[in-house]
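Please read these numbers as outputs of a predicted model, since none were measured by experiment. Atoms considered below: every heavy atom in the structure, side chains included; atoms not considered: hydrogens, waters and symmetry mates.
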Amino acid sequence: GESVGLHLPTLSVQEGDNSIINCAYSNSASDYFIWYKQESGKGPQFIIDIRSNMDKRQGQRVTVLLNKTVKHLSLQIAATQPGDSAVYFCAENTAGNKLTFGGGTRVLVKP
Amino acid sequence: DGGITQSPKYLFRKEGQNVTLSCEQNLNHDAMYWYRQDPGQGLRLIYYSQIVNDFQKGDIAEGYSVSREKKESFPLTVTSAQKNPTAFYLCASSSFRGAETQYFGPGTRLLVL
C-alpha cells in the first residue's frame, strides 16, 4: 500500500556537523509534507513543511528538500547541537487532511 | 496560553475497564485527531474529526471510541475490547482547509495494571 518510510533508523552525528535525514514516499498524489521532531516522552513538534510545488524550503538551521521525480524528502540540520537529539518523523498529506507518518529516525548528537 | 492539552499525563487501566483520555484545544481548529504510538514506532491514526458531531475511523479504530460534541474537545475512550492498550496516545488538531499542519498535544501514556 501507500507508505512513507525512512532509510536510516539511527543517525549519529558529531556536534557542529550537518545532519541529513532521508524519507521516501510512495504516494505520487501527496501534495504536502511535514517534518516533526519528537523528544522522549513528548508530543511531536512541527519543524518545517513543504508543498509539492516547491523543491526546497529553508527555516532556521533547517532545510527541507523535495524530489518528486524519485519521491524523496530530506531534512538537513545545519551545525547540529545537543538539543537536536530526538526522533524525527516525516509525514505526507494524503486524502484531505490525513497525514501518513514514517517510522522515524533517531538522531544522536555526540559531544 | 494557546495550544493543545491532554490529560492525564499517565493513566492506568485495570483489566476490563474503560478509560477516557481528554484532549482540549483553544486554537479554534476545526479538525482533531487521535494517534497511537508504540515504543520505537511511528504514529498510527485511530480516529479523526473534521467538524463537530462528526468523526471517522482511522487505521486502527477497533477497541476505541470518540465523541465530538464541542469544537474544543475530542475525548478518546479506550474500551475493554482493546486488548493491547499500552501505548503513548497523542492528540492533534489542524485548521481544516485542505493540507494543513497538525499540531500535537503532550501525550498521555496508558499502562495496564
Side-chain angles (χ1 to χ4, degrees), chain A residues 1-10 21 23-25 27 29-54 57 59 62 64 66 73 86-108, chain B residues 2-10 21 23-25 27 29-51 54-61 87-111:
Chain A
E2 303 291 1
S3 64
V4 176
L6 296 174
H7 298 305
L8 297 173
T10 303
I21 306 165
C23 178
Y25 66 94
N27 189 341
S30 293
D31 58 359
Y32 180 58
F33 304 86
I34 308 171
W35 280 101
Y36 288 94
K37 172 186 179 183
Q38 186 178 27
E39 297 177 22
S40 181
K42 297 183 179 180
Q45 176 187 359
F46 170 85
I47 301 174
I48 193 168
D49 60 0
I50 189 168
R51 300 194 184 272
S52 59
N53 61 352
M54 301 173 69
R57 191 161 188 226
V62 295
V64 55
L66 176 62
L73 189 70
V87 176
Y88 290 81
F89 293 96
C90 63
E92 63 176 319
N93 182 76
T94 51
N97 202 19
K98 286 179 62 178
L99 292 180
T100 300
F101 286 81
T105 293
R106 182 175 301 280
V107 172
L108 298 174
Chain B
I4 304 172
T5 57
Q6 291 185 241
S7 62
K9 187 173 177 65
Y10 295 96
L21 285 62
C23 178
E24 304 277 333
Q25 55 96 3
L27 301 169
H29 284 169
D30 292 305
M32 298 185 74
Y33 310 80
W34 274 106
Y35 293 89
R36 170 182 171 137
Q37 185 176 35
D38 291 286
Q41 297 188 28
L43 283 68
R44 293 184 290 168
L45 182 64
I46 305 172
Y47 267 99
Y48 64 105
S49 168
Q50 295 173 341
I51 195 169
D54 188 44
F55 49 82
Q56 288 78 38
K57 292 181 179 179
D59 301 319
I60 55 165
F88 191 44
Y89 291 87
L90 290 156
C91 179
S93 71
S94 70
S95 297
F96 182 59
R97 281 183 268 116
E100 293 290 342
T101 302
Q102 292 182 19
Y103 295 92
F104 286 83
T108 292
R109 189 165 299 279
L110 177 61
L111 300 166

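Taking Tyr48(B) as the reference, nothing meets the ring-ring contact (aromatic ring centres under 6.0 Å, His included) condition, with sequence neighbours excluded.
In this structure, the separation between CH2 on Trp34(B) and CG on Leu43(B) is 12.0 Å, given to the nearest 0.5 Å. For the atom pair OH of Tyr88(A) and SG of Cys23(A), the computed distance is 14.5 Å after rounding to the nearest 0.5 Å.
By number of non-hydrogen pairs under 4.5 angstrom with chain B, the leading residue of Gly43(A), Pro44(A), Gly41(A) is Pro44(A). Considering only heavy-atom pairs separated by less than 4.5 Å from chain A, the leading option among Gln41(B), Gln56(B), Gln6(B), Gln37(B) is Gln37(B).
Environment of CD1 in Ile51(B): sparse, with no more than 12 heavy atoms of neighbouring residues, nucleotides or ligands closer than 6.0 Å.
Contact of Gln45(A) with chain B is not made at all, since no heavy-atom distance falls under 4.5 Å.
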